[in-house]
There are 2 protein chains.
Amino acid sequence: MKKKRTTIYDIAEKLNITASSVSRALNNSNYVNENTKKLILKTAAELNYKRNTIASNLRSGQSKTIGIVVPRINQNFFANVIAGIEDATYEKNYNLIICQSNEQEEKEVKCVNTLINQQVDCIVISVSADSHDHTHLKNVIEHGIQLIQFDRVVDELETLKVINDNEQASLEAVSHLIEQGYKRIALLEGPQNLDIFKQRKAGYLKALKKHKIAVVHDLIIENAWTKELGAEGTRKLLSMPNPPDAIFASTSDFSALGVLEVATAMGFKVPSELGICGYSNEAFTEITSPSITTIDQFSIYMGKTIANLYFQEMENKETEVIPKIISIKPKLIIRSSTSRKG
Amino acid sequence: MKKKRTTIYDIAEKLNITASSVSRALNNSNYVNENTKKLILKTAAELNYKRNTIASNLRSGQSKTIGIVVPRINQNFFANVIAGIEDATYEKNYNLIICQSNEQEEKEVKCVNTLINQQVDCIVISVSADSHDHTHLKNVIEHGIQLIQFDRVVDELETLKVINDNEQASLEAVSHLIEQGYKRIALLEGPQNLDIFKQRKAGYLKALKKHKIAVVHDLIIENAWTKELGAEGTRKLLSMPNPPDAIFASTSDFSALGVLEVATAMGFKVPSELGICGYSNEAFTEITSPSITTIDQFSIYMGKTIANLYFQEMENKETEVIPKIISIKPKLIIRSSTSRKG
DNA sequence: AATATTTCTGCAATCGATTGCAGAATAAAA
DNA sequence: TTTTATTCTGCAATCGATTGCAGAAATATT
């Protein structure tokens, strides 16, 4: 069932000219007679010619393709970032090759290698949770491919980065809790090998310090990433003789949802007896009852920023590539789950 | 900053052999001496060689790439389907090029053409809402590219299709409402140029007929796709002198959410005075109060099915391609918003 | 009319990997 | 030892588009 496709040679043959001229016409070069050019374009359309990008890329040495590696394609935040990138790259006729690492380092390495093989011009990556070794990322740079890290970045690698100011956001969130009169604020933290979670913890600590509140280590629950783990941590916290009066689920809104469900089940009134703050501004946070205070990361905007950063960098490619970090300030969205004043 | 990459010629030169042998070794052919093969692989690793897939594809005439076109990457359903496809294709070392049509026919055409240019082996598409002309899809077939439609399919095109049995699902949903004692059931319908919405409407009508309930045209609201439109439709419905006692938001859960919010605001008790059923099983339907009855489409599974359908078709490629339709039966998820009995 | 300039076209190499074919080197069989 | 079979290796063409260079054709300048 293989139909042979029309090539520039077919067009050339039909018009009794060379492929060179056809190529020039199709690329709108000036070095072809206006009439022949028109004739070529007309014939190309008639024969339903489609340029073979593969061949073109091989010759020209660039692919106009950006590779993206994310832990999960179908996670809201990442899907939005990808949508943002797609939006911005589409206009410039770039293609996107998308891979998911499933949070596994091994798969991440394979994805990156595939993208290198594909000769992509740029790789955009948010590293997986269990990523520890970074030779595959260094490899990207060694192959002359632009590397842009976002959200979950490897600090020590000097690449372009687009991140959220996690520390600042956490600081604001916890400060807000304190202003609302909460005094024993618990933290549900994520895996500390990921910088984003370290930063969120740092913001939490900073806020406490700023307001001269002592850090109680029993109020910090490790690895409470999912809804289930958030729920489990909450059960533990609320069973303490001296339970917290607020919980900052710094890992995700899913975790915060777990908190809310357990708190409600255990008879804690939200927000009067327990304040809850999540992270990410998932759609559902608006419609729980009470609605959940959270932090918006401007994910689509982040995607656009990544794409534009790449294009900008391309334009100034004559200059040395200077590691550049763009930090997007997330926004605290205050909702019912933390509003017990005013 | 262009570093020249290692090619098979570099390896060949270093070892004083030809590129042919290097190529054979890298492809694990039997026609190379075992020792030279080992030596070649070792050298390739040392030189950090990465195969140029572009060149390889050009020669071999296939790209091991599947192109996907969806209206929106960051819509839950589509993100899940893509994740499912990714999961199944990854093992077979296929790549995914993803495009979004933003529900615009014009962009859809451009995306499809790009994918043809890229010489993808297969195009997986869910057509955009305003897609009317289908020459670009016929074009795919004419170029010898496997075309698989899913969810929103163009019926008259004889291609592989993976769909949900929308009619059956709607039939079950509305039957469930009737069994719960609801008698005046309204329908929020989607754009009727998309078959999926036609089918859902057909299921609604079938259920009414089956239970000998007369169709009231005023209870059918056109084009209530989004949360806002769903809310608007609901306001209209509930202001009627003889309002419905149930609303089937056949377009989406977002629409159903709009229904719920308006109903609550207008003082209608759900489910006792008004039953609500959505479509898609979005994560949030579980956590609204009351939780929303909806229909699960098994989106990730759908993605895997699509990928496997392709691979299966590849294996039997010697036989003529027979249009094949796989219909996945969605599942009604009964929750509080429609449970007023038992 | 002779020369210089501009515009166009073709030739042939190139991008990097793959593969059919032919022949060399080695091993096995007679 | 000769013949046959097997295993390896290299040559050269191929995939389709692009592009530097050279020369032809057309136009402009003196």
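We use all heavy atoms of the structure for the numbers below, so side chains are in, but hydrogens, waters and symmetry mates are not. Sequence lines set the chain letters: A, B, ... in the order given, protein chains first and strands last, and positions in each chain run from 1.
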Task: 5' priority, DNA chain C, between Tyr31(A) and Lys50(B) [closest heavy atom] - done: Tyr31(A)
Task: Net bend of the helix from dA1(C)-dT30(D) to dA30(C)-dT1(D), end axes of five pairs each, nearest 10 degrees - done: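 Taking five pairs per end, the axes differ by 50°.
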Using a 4.0 Å heavy-atom cut-off across all strands, classify [X] as base, sugar-phosphate, or nothing.
X        : answer
Thr36(A) : sugar-phosphate
Arg24(A) : base
Asn27(A) : sugar-phosphate
Thr7(B)  : sugar-phosphate
Ile17(A) : sugar-phosphate
Leu26(B) : nothing
Asn57(A) : nothing

Task: Most 5' of Ser21(B) and Ile54(A) on DNA chain D, judged by nearest nucleotide - done: Ser21(B)
- [ ] Run the salt-bridge test on Glu86(B) and Lys107(A) with the 4.0 Å N-O cut-off and return the result as yes or no.
- [x]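 Salt bridge flag = yes for Lys107(A) with Glu86(B).
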TODO: Taking only Lys NZ, Arg NE, NH1 and NH2, and the carboxylate oxygens of Asp or Glu, determine whether Glu103(A) and Arg152(A) approach each other closer than 4.0 Å.
DONE: yes
TODO: Report yes or no: do His132(B) and Glu105(B) form a side-chain donor-acceptor pair below 3.5 Å?
DONE: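 Their side chains do not contain a donor-acceptor pair, so the 3.5 Å distance test is not met.
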Open item on the list: Counting only heavy atoms from other residues, nucleotides and ligands, does the tally under 6.0 Å from CD of Glu46(A) exceed 12?
Closed with: yes
Task: Flag if over 12 foreign heavy atoms under 6.0 Å of OH, Tyr31(B) - done: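 No, because the 6.0 Å sphere around OH of Tyr31(B) holds 12 heavy atoms or fewer from other groups.
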List the atom pairs, with distances to 0.1 Å, where a side-chain N or O of residues 67-79 of chain B and a protein N or O form a donor-acceptor pair under 3.5 Å, not counting sequence neighbours.
residue: Arg72(B); atom: NH2; partner: Asn102(B); partner atom: OD1; Å: 3.0
residue: Asn74(B); atom: ND2; partner: Asn80(A); partner atom: OD1; Å: 2.7
residue: Asn76(B); atom: OD1; partner: Asn80(B); partner atom: ND2; Å: 3.3
residue: Asn76(B); atom: ND2; partner: Glu282(B); partner atom: OE1; Å: 3.4

TODO: Could you go through the side chain to side chain contact (heavy atoms under 4.5 Å, CB included) check for Gln118(A) and Asn95(B) one step at a time?
DONE: CA-CA 9 Å; Gln118(A) 285 285 337; Asn95(B) 294 303; 2.8 Å; yes
Open item on the list: Would the distance check show the side chain of Thr114(A) and the main-chain N or O of Lys110(A) forming a donor-acceptor pair, the cut-off being under 3.5 Å?
Closed with: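 Side chain of Thr114(A) to backbone of Lys110(A): a pair is present.
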Task: Start and end of the DNA chain D segment that chain B contacts, any atom under 4.0 Å from a heavy atom - done: dC8(D) to dG16(D)
Open item on the list: Distance to the ring centre below 6.0 angstrom and angle to the axis at most 45 degrees; does that hold for Lys161(B) and Phe150(B)?
Closed with: no
